[in-house]
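This is a predicted model, so every value here is computed, not measured.
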Amino acid sequence: VQLQASGGGLVQAGGSLRLSCAASGRTFSNSGMGWFRQAPGKEREFVAAFGRSGSSTYYADSVKGRFTISRDNAKNTVYLQMNSLKPEDTAVYYCAAGPALGVFVPNYDYWGQGTQVTVSS
């Protein structure tokens with residue numbers, strides 16, 4: 001089972017990026033899927049997640065209204081559209097899969113390798 005995150009990069013404040021998380025080895029259409037991020041010297045924190053059904057979503061307050069999580073079950077891929085980026089969004093972003101929607105790291109069984117997002121002021 002593998003989760004491959006991509007789409008990170010360097011962007012100016014106010015800009016946008018779309019992260020992708022491609023899953024292989026099994027289908028995750030019935031799994032909770034989430035995005036987390038970790039800035040240098042800080043703990044990994046929750047960003048956004050889908051529930052198993054795909055109809056329920058949840059966002060951290062810090063990204064609500066700016067980030068959108070979506071999924072394409074046919075491609076076994078989850079996306080994170082990030083708009084109005086701020087310097088404080090700078091972090092390594094990780095995708096994760098687990099049995100249900102969760103906001104904590106232990107809620108997830110599988111993790112991608114991370115993709116760096118850097119927002120310049």
Side-chain angles (χ1 to χ4, degrees):
V1 177
Q2 262 196 325
L3 299 176
Q4 183 73 34
S6 61
L10 174 63
V11 64
Q12 287 188 331
S16 298
L17 283 173
R18 188 177 81 154
L19 305 183
S20 299
C21 176
S24 60
R26 56 163 283 189
T27 179
F28 286 95
S29 59
N30 291 321
S31 298
M33 299 292 293
W35 287 95
F36 286 73
R37 65 187 182 187
Q38 188 165 18
K42 294 187 177 181
E43 293 187 352
R44 194 168 297 189
E45 66 174 6
F46 171 77
V47 175
F50 259 119
R52 287 182 62 183
S53 68
S55 61
S56 57
T57 57
Y58 194 75
Y59 297 91
D61 287 344
S62 58
V63 306
K64 203 171 294 182
R66 301 188 297 123
F67 290 11
T68 303
I69 189 171
S70 61
R71 66 196 299 170
D72 184 336
N73 287 336
K75 295 182 178 180
N76 221 17
T77 300
V78 175
Y79 304 97
L80 184 69
Q81 178 66 44
M82 306 186 295
N83 298 327
S84 302
L85 282 161
K86 304 176 181 179
E88 51 263 43
D89 294 319
T90 295
V92 177
Y93 283 70
Y94 298 89
C95 60
L101 187 152
V103 301
F104 300 107
V105 169
N107 294 144
Y108 294 87
D109 302 316
Y110 302 101
W111 291 85
Q113 85 289 1
T115 184
Q116 176 71 46
V117 172
T118 303
V119 184
S120 63
S121 57

Search all heavy atoms of [X] against all heavy atoms of [Y] and return the closest pair with its distance.
X	Y	result
S20	T77	CB-CG2, 4.4 Å
M33	A97	SD-CB, 3.4 Å
Q38	K42	NE2-O, 3.1 Å

Legend entry - Short side-chain to backbone donor-acceptor contact, Q113 and A5, under 3.5 Å: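 Yes; judged by distance alone, with no hydrogens or angles, the pair exists.
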Evaluate the side-chain proximity of [Y] to [X]: yes if any heavy-atom separation is below 4.5 Å, no if none is.
X	Y	answer
Q81	S16	yes
L3	Y94	no
D109	P99	yes
T90	Q116	yes
R37	V63	yes
D89	M82	no

Same cluster (ILVMFWY, side-chain, under 4.5 Å), [X] and [Y]:
X	Y	result
Y58	F104	yes
V117	V47	yes
Y108	L80	no

At what distance, to the nearest 0.5 angstrom, does [atom1] of [X] lie from [atom2] of [Y]?
X	Y	atom1	atom2	value
F67	L19	CZ	CG	8.0 Å
Q12	S121	CD	OG	9.5 Å
Y110	Q2	OH	CD	12.5 Å

Legend entry - Verdict with supporting geometry, S56 and L101, side chain to side chain contact (heavy atoms under 4.5 Å, CB included): CA-CA 8 Å; S56 57; L101 187 152; 4.1 Å; yes
Inset, instruction - Could you check whether the rings of F36 and F46 sit parallel, tilted or perpendicular, using 30° and 60° as the cut-offs? - result: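 Ring orientation of F36 relative to F46: perpendicular.
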Inset, instruction - Evaluate whether atom NZ of K64 has more than 12 neighbouring non-hydrogen atoms of other residues, nucleotides or ligands under 6.0 angstrom away. - result: yes
Legend entry - OH (Y59) with more than 12 external heavy atoms under 6.0 Å: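 Buried by this count: over 12 neighbours within 6.0 Å.
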Inset, instruction - Tell me whether the guanidinium CZ or amine NZ of R18 lies under 6.0 angstrom from the six-membered ring centre of Y79 and within 45° of its axis. - result: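 Pair R18/Y79 counts as cation-pi.
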